[in-house]
Amino acid sequence: MRQSSFFIPTLKEVPNEAQIPSHQLMLRAGLIRQLASGIFTWLPFGYIALKKVMNILREEIDKIGGQEFLYPALNPIEIWEETGRVEAMGDVMFHIKNREGLVLAPTHEEIVTYHAKQHLQSYRDLPQIWYQIQNKFRNEARPKSGVLRGRQFIMKDSYSMDSNWEGLDVSYQNHFDAYCKIFDRCNIKFFVVGASSGSMGGKKSQEFMVEADAGEDVCAISDSGYSANIEVAVSAKEKIVRLALNDEIVEFETPNSKTIDELIKCFNLNESSLAKSVIYIVNDKPILILMSGNDELNETKLSSIFETNSFRPAEAFELFNITGANAGSIGPINLKQKIEIYADLRLEDANNLISGANKDGYHFKNIDLRRDTQIIAYYDFRTVKANEPDIINGSPIRVVKAIELGHIFKLGTKYSEALKANILDENGKENPIIMGSYGIGVERVLACYIEQNHDENGIIWQTPLAPFHVHLLGLMIEKSDEVKNACERLYLDLSKAGFEVLFDDRIERPGVKFNDADLIGLPLQIIVGNKNLVDGNIEVKIRKTGERQIHKLDEIIIVTNEYFKL
RNA sequence: CGGAGUUUAGCGCAGUCCGGUAGCGCGCUUGGUUUGGGACCAAGAGGCCACAGGUUCGAAUCCUGUAACUCCGACCA
């Protein structure tokens, strides 16, 4: 490709809307342009890289038996109503206004299951892996960070269909392995975490994560190999020990001590002797949850424990109406209204606890949960914090921010049951198809790659994703026939040798070409200028290391071959 | 959806407090000089100052409303 006629608008200055490196560089190096919030145009240079990602995805999913489909983005809403996901998705789903009954698909479980129901009838038709690479539409409340969170984005989504649970395990593991290969091939450093299935439903899910400040997910990881999304992470933090005491409950005055920290400070208490009460409205019903000390309640855990998305912390006025006190003096005993009480596992059967007296400025001590309260159940409600011991061997947990690149789910039969996609087993008995679903955000792969591979001058491409292998720079090409001829010859020979070459034949000063070359970051720069050419020499610069080599013109093909063989 | 901010030439910004009809740098066009790390000189082109309404003799500037975009939070298969 001759750069003089290639549309690759580079920017010297950083557009002010871009905050993170990958977004800035994707704009500056001419990969993307924003059309509206969360909506982007892919320019030719960026689209070439994107297609390289897609090809890697195709190759690896094909290898595990995937068959590529193209499902429509425009879907009849009825199918989505049958699975209850119109409601579950809520505002995230785009609805077509001037054609009632059509929606834009935010994912494709329903459509896949619809076709499976039509044509898969016997266990002998299975297993199947169906996939596509296609645009998804989600009305994100707050698009951000360039292509990392958009309203329209490309996803590789595959769906496995099996006749038994062992088959699902195999399909799931195959995807797990394929995903590892995909991200390895893209040279992306990633880790895998156990995750929450959210509104997807299903038994098990794992996320492929890239550690990054720009990430929106938080993960707990440790050196022993423990890794989980903070939404589901657990630690080996010790339980509160039950003491051999049976002291009566005593009320005591706690003026100006509204937080756990203030109580600890004012009364010289141990954090483990305190129980904090949190009131949530779950399915329009207030419940009280007891947490130990300063432990933080995890709303994702709460959501899966009560199997609902309908919950919120109680408002200040509700707190007073329910308990008789304001925040800071709330506890499980002497509540104004009778409500259900749950507690975190760390508090199981604990005694000798201090908690609010439901009277402003007062607390109770010597509370025995077994003796004095009616706890409906103990669950793991807490959010893991940094430096807690992990559950593998007690290694300290690190809490890091991460970008979710891929997510794999064991769906089970949620969709096949809802849409009645059944097959006959060996005994002629009807059973729902057992499904898995597996997604990768294609743009995110590129954004994460750039987050991990750039310097102050620009992007640093490595071969698998690089839009071109070689950047051929002709310096002062319009002033020297020798330079021109050498460039033309190299352009032809390199292309013949199978390399993808971007040939900078523009009438620009050398400095402009050097800076653009570093900005767009192709792996190898071959620099043809009079300075070296008078001695028959060509300069080769490796973008990643900055190393410069001088070679004879005749050796360039060999040198290039050598470099890309590695 | 809550909070904050921004909107003036293709890009980055000043001008707004204190009203008088728009400016800087980069980029672009033409000519000349330069030419191995984003050149220099000269002459140019390019703006309904986000939109709508109001105040005023006069509004980029003051007032009211709306929209878009960005950030923080909430939400997020």
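These numbers were taken from a predicted model, which means no experiment stands behind them. Reminder, nothing fancy here: chain letters follow the sequence lines and each chain counts from 1.
Taking atom CZ of A:Arg85 as the reference point, atom P of B:C76 lies 14 Å away to the nearest angstrom. Across the protein-nucleic acid pair, A:Glu478 atom CD and B:U34 atom C1' stand 12 Å apart, rounded to whole Å. We find that OH of A:Tyr280 is positioned 12 Å from C1' of B:A74, with the value rounded to whole Å. A:Leu475 has its CG atom 19 Å from the P atom of B:U34, to the nearest Å. Regarding A:Glu87, its CD atom lies at a distance of 18 Å from the P atom of B:C75, rounded to whole Å. Spacing between atom NE2 of A:His471 and atom P of B:G37 amounts to 17 Å, rounded to whole angstrom units. Rounded to a whole Å, the CG atom of A:Asn537 is 17 Å from the P atom of B:G36. In this structure, CD1 of A:Ile538 is placed 16 Å from P of B:G36, rounded to the nearest angstrom.
Nucleic acid contact for A:Ser145: sugar-phosphate only, since backbone atoms but no base atoms lie under 4.0 Å from a heavy atom of the residue. Using a 4.0 Å heavy-atom criterion, one finds that A:Met93 contacts no nucleic acid atom at all. Note on A:Lys144: only backbone sugar-phosphate atoms sit closer than 4.0 angstrom, heavy atoms only; bases stay farther off. At the heavy-atom level, A:Val92 lies nowhere under 4.0 Å from the strands shown. Among the protein residues, A:Gln525 comes within range of no part of the nucleic acid, since none of its heavy atoms lies under 4.0 Å from any strand. Residue A:Asp91 is classed as having no contact, given no heavy-atom separation below 4.0 Å to the nucleic acid. Note on A:Arg548: a base of the nucleic acid sits closer than 4.0 angstrom, heavy atoms only. Heavy atoms of A:Asn16 sit under 4.0 angstrom from primed sugar atoms or phosphate atoms, though from no base atom. Contact annotation for A:Phe153: base contact, defined as any heavy-atom pair under 4.0 Å involving a base atom.
When Watson-Crick and G-U wobble pairs are counted only if both distances are under 3.5 Å, B:A50 pairs with B:U66. In this structure, B:C71 forms a base pair with B:G3, meeting either the Watson-Crick or the G-U wobble geometry with both donor-acceptor distances under 3.5 Å. The pairing partner recorded for B:U34 is none, the criterion being a Watson-Crick or G-U wobble arrangement whose two distances lie under 3.5 angstrom. Base pairing annotation: B:C11 forms a Watson-Crick or G-U wobble pair with B:G25, both donor-acceptor distances under 3.5 Å. Applying the Watson-Crick and G-U wobble criteria (two distances, each under 3.5 Å), B:A59 pairs with nothing in any strand. Under the Watson-Crick and G-U wobble criteria, each requiring two contacts below 3.5 Å, nucleotide B:C76 is left unpaired.
Rounded to the nearest Å, the gap between the C1' atom of B:C63 and that of B:G19 is 13 Å. With both ends at atom P, the span from B:U8 to B:G15 equals 14 Å, rounded to whole Å. Comparing B:C75 with B:A50, their C1' atoms are spaced 29 Å from each other, to the whole Å. The same atom, C1', is picked in B:G10 and in B:C28; the two are 9 Å apart, to the nearest Å. Nucleotides B:G27 and B:G20 place their C1' atoms 32 Å apart, quoted to the nearest Å. Atom name P, nucleotides B:G23 and B:G44: the rounded distance is 14 Å, in whole Å. The separation of B:C11 from B:G47, taken at their P atoms, amounts to 14 Å, rounded to a whole angstrom. The gap from the P atom of B:C24 to that of B:G46 amounts to 15 Å, rounded to the nearest Å.
Aromatic ring centroids of A:Trp461 and A:Tyr449 lie under 6.0 Å apart. A:Tyr415 has its ring centre no less than 6.0 Å from the ring centre of A:Tyr114.
Using modelled atom types and a 3.5 Å distance limit, the side chains of A:Glu110 and A:Asn75 yield no donor-acceptor pair. Side chains of A:Gln3 and A:Asp505: a donor-acceptor N/O pair is absent below 3.5 angstrom, by distance only.
In this structure, B:C51 shows a glycosidic angle more than 90 degrees from zero, which is the anti conformation.
For B:U70, the OP1/OP2 oxygens have a side-chain nitrogen or oxygen of A:Ser37 closer than 4.0 Å. Contact check, A:Gln34 against B:U70: a side-chain N or O comes under 4.0 Å of OP1 or OP2. Residue A:Arg509 places none of its side-chain N or O atoms closer than 4.0 Å to OP1 or OP2 of B:C40.
A:Arg506 contributes no side-chain N or O that forms a donor-acceptor pair with the base of B:G38 under 3.5 Å. On a pure distance criterion of 3.5 Å, no polar donor-acceptor pair joins the side chain of A:Asn530 and the base of B:G36. Judged by distance alone with a 3.5 Å cut-off, no donor-acceptor contact links the side chain of A:Glu13 to the base of B:G10.
Out of B:C71, B:G36, B:G12, the shortest distance to the side chain of A:Lys531 is found at B:G36. Nearest nucleotide to the side chain of A:Glu140, out of B:U35, B:G12, B:C76: B:C76. Closest approach to the A:Pro15 side chain among B:C26, B:G12, B:G37 is made by B:G12 (side chain taken as heavy atoms from C-beta onward). Checking B:C71, B:G37, B:U70 against every side-chain atom of A:Arg142, the shortest atom distance belongs to B:C71. Side-chain proximity of A:Ala141 to the nucleotides B:G36, B:C75, B:G38 is greatest for B:C75. Out of B:G38, B:C75, B:C76, the shortest distance to the side chain of A:Arg28 is found at B:G38.
Note on ring orientation: taking the six-membered ring where Trp is involved, the planes of A:Tyr71 and A:Phe69 are parallel (angle under 30°, cut-offs 30° and 60°).
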**Request:** Determine, step by step, whether A:Thr113 and A:Lys414 satisfy the side chain to side chain contact (heavy atoms under 4.5 Å, CB included) criterion, reporting the C-alpha distance in whole Å, the side-chain angles of both residues, the deciding distance to 0.1 Å, and the verdict.
**Result:** CA-CA 10 Å; A:Thr113 312; A:Lys414 171 171 172 172; over 6 Å; no
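Mapping A:Gln19 and A:Leu11 onto RNA chain B via the closest heavy atom, the residue that lands nearer the 5' end is A:Leu11.
Using a distance-only test at 3.5 Å, with no hydrogens or angles considered, a donor-acceptor pair links the side chain of A:Lys552 to the main chain of A:Asp535. Between the A:Asp455 side chain and the A:Asn457 main chain, a donor and an acceptor come within less than 3.5 Å of each other.
A:Ile188 approaches A:Cys448 most closely through the heavy-atom pair CD1-CB, 4.5 Å.
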